[in-house]
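Quick caveat: nothing in here was measured; it's all calculated off a predicted structure. Residue numbering restarts at 1 for every chain, and letters A, B, ... go by the order of the sequence lines.
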Amino acid sequence: MAWTWFHRLGSPPYIYNLAARLTPWFAWPAALLMLAGLVDGLVLSPTDYQQGDGFRMMYVHVPTAYLSIMIYTTMAISAAVGLIWRIKIAHAVAASCAPIGASITLCALVTGSLWGAPMWGTYWEWDPRLTSELILLFLYLGYMGLRSATEDVQRADRISAVLAVVGIVNVPIIHFSVVWWNSLHQAPSLMRLGKPTIAVSMLIPLLLMLLAFTLFFAAVLLVRLRAEILSRERSASWIREVVTP
Amino acid sequence: MKALSDFFDMGGYAGYLWPSYILTFAVVVLNVVWARRLLARSREEARRRLAMRAGTEAGAAPTRAGEAT
């Protein structure tokens, strides 16, 4: 009895309708929080004593970098669930994550490069943090390439899921790269033991942006998931109800 | 006016800061646009498939009607 909700999570029509209902609840708060974060981060927060206004790069670089890893983790976990329990919806979630993740990873790399130029004096360095983040982009692209090169959807699901799961080893490498090796990149200010090493007035816009980008990802994922479900459930009769205007 | 140009100058980091913000928010907006377009296309495709199936069923109907008369 208590497990019925769990079984419903594997049902395409249930997920399709749930995703449609939930999307605005993620999308609108994401838009508002992003706007608040922008104003707070660009106008209200004080200038850094060391980096001047250059530190404001943080409000786009940190959320995109965090999201690039968070999306990959979501993708790999969904892929693993799909592989182990053969749940099609889980594969659909993983497949929907990849293009969002790839574009956000590109953002994290470019904003990082543009931050590095004035602060480190270089756009790029084959540094552990930068290199492992670049590998993350290649993992996303490889995942997408593998999927589009495999005609049969179930085969594509399985093969790409293996790549996603194996690639998860890169996630702790990215996170701990700045601790394990001597990196140009600074160590974490937030995700560390003890208190964050950042002033509250600078922290608040960052938290707004982190929350906004997380909600943004959820909203876009839900829209992509619906498209993915529709293209997979070719002959299901429930589709008639959801696509007839 | 001075305050505004100071804001856009971003303490001399304008050349790095603004491209980053523009890129990031372009990617955010594009993600929304691409996802919505993908869903619209999938819905359209599903609708076409359903119409095609209904078409073949309707095409078979007159023969049955002809047999009846």
Side-chain angles (χ1 to χ4, degrees), chain A residues 20 23 27 30-31 34 38 41-43 47-48 51-57 59-61 63-64 96 99-100 103-104 106-108 110-119 212-213 216-217 219-231 233-237 239-240 242-245, chain B:
Chain A
T23 304
M34 242 174 237
L38 264 184
L42 284 175
V43 186
T47 307
D48 186 62
Q51 298 201 2
D53 282 316
F55 93 98
R56 294 181 205 281
M57 206 65 117
Y59 301 123
V60 284
H61 177 67
T64 50
S96 306
I100 316 172
S103 62
I104 291 293
L106 185 70
C107 256
V110 175
T111 56
S113 177
L114 284 167
W115 198 358
M119 300 305 165
F213 273 78
F216 149 80
F217 163 60
V220 175
L221 176 65
L222 289 175
V223 175
R224 280 191 169 271
L225 180 61
R226 281 162 73 202
E228 189 70 32
I229 290 172
L230 279 186
S231 63
E233 297 282 305
R234 291 182 165 271
S235 54
S237 56
I239 288 182
R240 188 182 303 274
V242 297
V243 297
T244 37
Chain B
M1 210 55 215
K2 170 95 170 60
L4 201 66
S5 66
D6 272 358
F7 173 74
F8 282 110
D9 184 54
M10 276 289 157
Y13 292 107
Y16 305 102
L17 208 66
W18 295 120
S20 298
Y21 274 77
I22 291 165
L23 172 78
T24 302
F25 286 93
V27 166
V28 165
V29 170
L30 280 176
N31 261 294
V32 174
V33 171
W34 287 332
R36 288 175 62 110
R37 197 179 290 167
L38 184 72
L39 179 59
R41 244 199 338 257
S42 303
R43 287 173 68 96
E44 191 48 53
E45 214 172 280
R47 216 173 288 147
R48 229 184 5 248
R49 270 201 310 269
L50 289 171
M52 231 155 75
R53 219 166 43 189
T56 46
E57 279 163 20
T63 355
R64 280 203 297 275
E67 277 164 9
T69 45

If every non-hydrogen atom of [X] is compared with every non-hydrogen atom of [Y], which pair is closest and at what distance?
X	Y	result
A35(B)	V223(A)	O-CG1, 3.4 Å
L42(A)	F7(B)	O-CE1, 3.4 Å
P19(B)	L114(A)	CB-CD1, 4.0 Å
Y16(B)	M57(A)	O-CE, 3.2 Å
V60(A)	F25(B)	CG1-CE1, 3.8 Å
L230(A)	R43(B)	CD1-CG, 3.5 Å

Next item on the list: Among the options H61(A), R224(A), E233(A), pick out the one with the most heavy-atom pairs lying under 4.5 Å from chain B.
Entry: R224(A)
Note to self: Counting only non-hydrogen atoms closer than 4.5 Å, does R53(B) touch chain A with its backbone (N, CA, C, O), its side chain (CB onward), both, or neither?
What the structure shows: side chain
Notebook entry, point to check: For L50(B) and V243(A), what are the C-alpha separation, side-chain angles and deciding distance, and is it a side chain to side chain contact (heavy atoms under 4.5 Å, CB included)?
Noted result: CA-CA 9 Å; L50(B) 289 171; V243(A) 297; 3.7 Å; yes
[X] side, atom [atom1]; [Y] side, atom [atom2] - distance, nearest 0.5 Å:
X	Y	atom1	atom2	answer
R36(B)	R226(A)	CZ	CZ	9.5 Å
L30(B)	I100(A)	CG	CD1	13.0 Å
S231(A)	L38(B)	OG	CG	7.5 Å

Next item on the list: Report yes if the side chains of W34(B) and V220(A) come closer than 4.5 Å at any heavy-atom pair, otherwise no.
Entry: no
Item checked: V27(B) and L106(A), any side-chain heavy atoms less than 4.5 Å apart -> no
Margin query: Apply side chain to side chain contact (heavy atoms under 4.5 Å, CB included) to residues F55(A) and Y13(B) and explain how you reach the verdict.
Written below: CA-CA 9 Å; F55(A) 93 98; Y13(B) 292 107; over 6 Å; no
Next item on the list: Start with the C-alpha distance between S103(A) and N31(B), add both sets of side-chain angles, then the distance that settles side chain to side chain contact (heavy atoms under 4.5 Å, CB included), and finish with yes or no.
Entry: CA-CA 8 Å; S103(A) 62; N31(B) 261 294; 2.9 Å; yes
Checklist line | chain A interface, residue from S42(B), A26(B), S20(B) that has the most non-hydrogen pairs under 4.5 Å | finding: S20(B)
Notebook entry, point to check: Is chain B contacted by the side chain of Y59(A), its backbone, both, or neither, given a heavy-atom distance below 4.5 Å?
Noted result: both
